[in-house]
Amino acid sequence: MARKNRSAPPEVNAGSMADIAFLLLIFFLVTTTIQTDQGINRKLPPIDDTQKPEDNIIKEKNIFTVLINRNDQLLVEDKLVELKDLRQKAIDFLDNGGDGTCTYCKGLKDEFSSDNPDKAIISLQNDAETSYKAYIAVQNELVAAYYFLRDRECLARYGKSFRELEAMFDDPKTTETQRNKIEPIIKDIQTLFPQKLSEAEPKRN
């Protein structure tokens, strides 16, 4: 009878290790949430075939010009402006109601500013050397101006802020019936204050 080698370590059966590793890999692939980068949400306005060529002429007073130079300084309507003042200036422009057709506008009705929110356009242009931080900060302030006015009008008409309804609509827990009720309200408020934010090509010296 052959004698066993008592000094040899016991063997481990590794035959099923590959199967276990494969199952773990599948588990982590299925359950792991991969973080995706989010860009700046922009939607182009739909093409209106009923418009006449003369309807496409934009008056200069209906354009709110915002420039960011290479030093991250803001020029609003050719005047140097601090970032903290940009949102209010955009609100004043969008809410002006200069031609009297906007019944819900609460602005000064300045004849030299925008006619109504539907015609008001914010034009943003940055320099090629503008920092990304400054660019995003300006974007945030301009979008916040739209949301301020939408929240105000939504609260007055429907008793809830626009952002609250938008969050409910995007919430996976919201039922289809609830979404069907929220969607027309969101579209109504978006029509009252349409986000017309135009971005020009960066300046290159």
Side-chain angles (χ1 to χ4, degrees), residues 37-46 55-157 160-167 186 188-205:
D37 293 332
Q38 293 184 346
I40 299 172
N41 187 18
R42 290 286 178 270
K43 289 185 179 179
L44 294 175
D55 294 334
N56 293 325
I57 299 173
I58 302 172
K59 296 178 183 178
E60 188 176 346
K61 68 175 183 175
N62 286 322
I63 301 175
F64 185 73
T65 306
V66 181
L67 302 175
I68 319 173
N69 66 17
R70 64 171 67 187
N71 299 318
D72 293 345
Q73 293 174 312
L74 277 177
L75 280 174
V76 178
E77 301 289 88
D78 297 326
K79 294 179 181 178
L80 199 62
V81 170
E82 295 292 330
L83 180 64
K84 62 182 177 64
D85 300 322
L86 176 61
R87 185 184 308 187
Q88 188 57 52
K89 287 190 174 294
I91 290 170
D92 294 341
F93 169 77
L94 296 169
D95 200 33
N96 181 61
D99 64 359
T101 59
C102 179
T103 57
Y104 50 88
C105 289
K106 303 186 187 306
L108 298 174
K109 293 181 171 51
D110 182 2
E111 62 177 333
F112 298 106
S113 188
S114 69
D115 288 329
N116 59 63
D118 187 52
K119 294 180 180 179
I121 298 171
I122 295 179
S123 175
L124 173 63
Q125 186 176 32
N126 61 284
D127 191 271
E129 296 182 26
T130 300
S131 72
Y132 184 72
K133 181 181 178 181
Y135 172 76
I136 293 299
V138 170
Q139 284 274 356
N140 287 341
E141 291 301 309
L142 294 176
V143 172
Y146 283 104
Y147 271 92
F148 173 85
L149 294 169
R150 288 176 175 180
D151 280 343
R152 186 193 72 190
E153 201 57 35
C154 199
L155 278 166
R157 293 175 181 239
K160 289 187 177 181
S161 72
F162 179 80
R163 272 175 273 210
E164 185 181 353
L165 291 177
E166 201 173 46
I186 290 176
D188 178 41
I189 299 301
Q190 287 175 335
T191 302
L192 296 177
F193 287 104
Q195 185 173 306
K196 297 186 176 183
L197 181 52
S198 172
E199 293 186 51
E201 286 291 324
K203 287 185 175 181
R204 299 182 185 277
N205 297 327

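All heavy atoms count here, side chains included; hydrogens, waters and symmetry mates do not.
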* For the pair K196 and D118, find out whether any cationic side-chain nitrogen is under 4.0 Å from an anionic carboxylate oxygen. => yes
* Asked: Hey, is D95 close enough to R152 for a salt bridge, meaning N to O under 4.0 Å?
  -> yes
* To do: Could you verify whether a donor N or O on one side chain and an acceptor N or O on the other, from S114 and N62, lie under 3.5 Å apart?
  => no
* Pair D127-N69, side-chain donor/acceptor within less than 3.5 Å -> no
* Excluding sequence neighbours, so at least two apart, what forms side chain to side chain contact (heavy atoms under 4.5 Å, CB included) with D188? -> R157, Y158, L192
* Asked: Do I58 and I121 have side-chain heavy atoms sitting under 4.5 Å apart?
  -> yes
* **Among D85, I91, L83, the one residue meeting side-chain contact (heavy atoms from CB on, under 4.5 Å) with R87** => I91
* Heavy-atom distance under 4.5 Å between the side chains of R163 and R150, does that happen here? -> no
* **Between Q139 and E199, a side-chain donor and acceptor under 3.5 Å** => yes
* Asked: Can you find a pair of side-chain heavy atoms, one from T130 and one from R70, that are under 4.5 Å apart?
  -> no
* Asked: Between F193 and Y104, is the ring centre distance below 6.0 Å?
  -> yes
* Asked: Given side chains that start at C-beta, do those of P202 and N126 come closer than 4.5 Å, heavy atoms only?
  -> yes
* Student check: side-chain heavy atoms of Y147 and E166 closer than 4.5 Å -> yes
